[in-house]
There are 2 protein chains.
Amino acid sequence: MTEIKQTSTNFSNKSALSDECPEAYASTIIGGQWTLVICSWLLSGKLRFGELKKKLPNITERMLTLQLRKLEENMIISRTVYAEVPPRVEYELTPIGYSLKPVIKELENWGVHHKKLTSKQLETEG
Amino acid sequence: MTEIKQTSTNFSNKSALSDECPEAYASTIIGGQWTLVICSWLLSGKLRFGELKKKLPNITERMLTLQLRKLEENMIISRTVYAEVPPRVEYELTPIGYSLKPVIKELENWGVHHKKLTSKQLETEG
DNA sequence: GTCAATACTTACATTTTTTATAGTACATAA
DNA sequence: TTATGTACTATAAAAAATGTAAGTATTGAC
């Protein structure tokens, strides 16, 4: 994540794909390891950094920070800092972030469907 | 892609996420760099290896092969080899692969929407 | 015997993503 | 003065994904 090399083939490939193909574009935005889970949680309301951390027991603080920053850059979430000590920071979906809801729903449907089907398949084979 | 280390934290994190969260599960299946574009093309009918290559001008043969293998493993596409020389191989979506259609459609809609919104944002800022 | 066409495979290098670990700032409470 | 809680940051390393370049098998045409 941190730094990407704008001279790499990978970068230009991703750019070209994103230009031509809105679904690939969407995928680069919401395709991070923890991105969809974070968005799913935020669909039910804003959460603090620490609260998100508890929801995702295995994420490191660094990863959580990186993902949140990326989501913020992409205007999926907004970040509100309260001038208190200890600090309090709240994350919330923006309107366009919230509009991910049907996307997530379809992904979820399909995921459930696929999982069922492939586990059946394994039973038959075994 | 090639080899994944089943003892890594990354592997166990992905597994746990996939278990708990169907949308994350779906994302690991269709989240490859070229996956969605390949599926999009196949939505309009089966294609040969070389035809796919032409549709994706910048993909390397290695990448195309890897992505197709992964899609096949995940039962998204089927592969038919014709015993001819030179060889002919056709790739086609399976039923569950075809059922990605609404997912792709939502991703596409959202992608277009997001792109419009962010480009507007840039105009306003600039 | 050489070449062409197709769909790959292989070895290796680079880039990107993710994880590990330790640290920081701040004000209040004890 | 030291400890506490929160939301981070810095640095390094490991792992995963992607790219580069060259090679393979087949057989029919020339």
Side-chain angles (χ1 to χ4, degrees), chain A residues 1-17 24 27-35 37-38 46-54 56-72 77 79-91, chain B residues 1-17 24 27-38 46-72 77 79-91:
Chain A
M1 187 154 279
T2 17
E3 306 246 321
I4 64 172
K5 214 169 187 177
Q6 309 214 343
T7 54
S8 71
T9 306
N10 187 258
F11 178 81
S12 62
N13 280 346
K14 265 187 191 138
S15 305
L17 274 176
S27 171
T28 67
I29 293 183
I30 61 167
Q33 169 112 62
W34 307 88
T35 312
V37 202
I38 293 173
K46 59 184 164 186
L47 289 170
R48 297 177 62 176
F49 186 88
E51 291 173 325
L52 274 168
K53 220 183 99 182
K54 271 177 215 151
L56 312 170
N58 296 310
I59 200 170
T60 60
E61 301 193 338
R62 173 173 149 78
M63 255 299 125
L64 183 50
T65 304
L66 285 175
Q67 300 277 328
L68 290 171
R69 290 285 178 282
K70 194 185 160 194
L71 285 170
E72 201 191 347
I77 61 175
R79 178 171 179 267
T80 313
V81 184
Y82 296 88
E84 304 172 357
V85 170
R88 179 159 65 101
V89 180
E90 284 181 347
Y91 293 95
Chain B
M1 185 155 278
T2 19
E3 308 244 322
I4 66 172
K5 216 172 186 174
Q6 308 213 345
T7 55
S8 71
T9 306
N10 187 256
F11 179 80
S12 62
N13 280 345
K14 266 188 191 139
S15 304
L17 274 175
S27 172
T28 68
I29 293 183
I30 61 167
Q33 170 111 59
W34 307 88
T35 311
L36 281 172
V37 203
I38 292 174
K46 58 185 166 187
L47 288 170
R48 296 178 61 178
F49 185 88
E51 291 173 326
L52 274 168
K53 220 183 98 180
K54 270 178 214 150
K55 306 276 193 190
L56 312 170
N58 295 309
I59 202 171
T60 61
E61 301 192 339
R62 171 176 148 79
M63 260 298 128
L64 184 49
T65 304
L66 284 175
Q67 301 276 328
L68 290 171
R69 290 286 177 283
K70 194 185 160 194
L71 285 170
E72 202 191 345
I77 61 174
R79 179 171 177 266
T80 312
V81 184
Y82 296 87
E84 303 172 358
V85 170
R88 179 160 65 100
V89 179
E90 284 181 348
Y91 293 94

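Remember, it's a predicted structure, so these values are computed and weren't measured experimentally. Chain A is the first sequence line, chain B the second, and so forth, proteins listed ahead of strands; every chain is numbered from 1.
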To the nearest Å, give me how far apart [atom1] ([X]) and [atom2] ([N]) are.
| X | N | atom1 | atom2 | value |
| --- | --- | --- | --- | --- |
| Ile59(A) | dT18(C) | CD1 | C1' | 10 Å |
| Phe11(A) | dT16(C) | CZ | C1' | 13 Å |
| Trp34(B) | dT16(C) | CH2 | C1' | 15 Å |
| Lys5(A) | dA13(C) | NZ | P | 16 Å |
| Leu66(B) | dA17(D) | CG | P | 10 Å |

Under 4.0 Å between a side-chain N or O of [X] and OP1 or OP2 of [N]?
| X | N | result |
| --- | --- | --- |
| Gln67(B) | dA17(D) | no |
| Ser8(B) | dA14(D) | no |
| Asn10(A) | dT15(C) | no |

I'd like to check the salt bridge (charged side-chain N to carboxylate O under 4.0 Å, His left out) partners of [X]; sequence neighbours left out, ordered by chain and number.
| X | value |
| --- | --- |
| Lys5(B) | none |
| Glu90(B) | Lys46(B), Arg88(B) |
| Lys53(A) | Glu61(A) |

Notebook entry, point to check: Which heavy atom in Leu68(A) sits nearest to a heavy atom in Ile77(A), and how many Å separate them?
Noted result: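 Nearest heavy atoms, Leu68(A) then Ile77(A): O-CD1, 3.5 Å.
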Notebook entry, point to check: Taking for each residue the nucleotide of DNA chain D with the nearest heavy atom, is it Gly31(B) or Thr65(A) whose nucleotide lies nearer the 5' end?
Noted result: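 The 5'-side residue here is Thr65(A).
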Checklist line | Beyond-backbone contact of Leu64(A) with Trp34(A), side-chain heavy atoms, under 4.5 angstrom | finding: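 When only atoms from C-beta onward are counted, Trp34(A) and Leu64(A) do not touch, as no gap falls below 4.5 Å.
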Check: How is Tyr82(B) classified with respect to the nucleic acid when contacts are heavy atoms under 4.0 Å: base, sugar-phosphate, or nothing?
Finding: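 The answer is nothing, as Tyr82(B) stays clear of every strand by at least 4.0 Å.
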Checklist line | Residues that Thr60(A) engages under side-chain contact (heavy atoms from CB on, under 4.5 Å), provided they are two or more places apart | finding: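 Thr60(A): side-chain contact (heavy atoms from CB on, under 4.5 Å) contacts with Arg62(A), Met63(A).
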Note to self: On DNA chain C, does the nearest nucleotide to Thr7(A) precede the nearest nucleotide to Glu51(B) from the 5' side, or the other way round? Give the residue.
What the structure shows: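 That would be Glu51(B).
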Next item on the list: Return one dot-bracket line describing DNA chain D 5' to 3' (Watson-Crick or G-U wobble pairs, both distances under 3.5 Å; ( ) same strand, [ ] crossing, | another strand, . none).
Entry: ||||||||||||||||||||||||||||||
Check: Which listed nucleotide (dT16(C), dA15(D), dT18(C)) is nearest to the side chain of Ile4(A)?
Finding: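 Closest of the options to the side chain of Ile4(A): dT16(C).
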Could you write out each protein N or O paired with an N or O of nucleotides 20-27 of chain C at a distance under 3.5 Å?
unit_1  : atom_1 : unit_2  : atom_2 : d
dA20(C) : OP1    : Thr9(B) : OG1    : 2.6

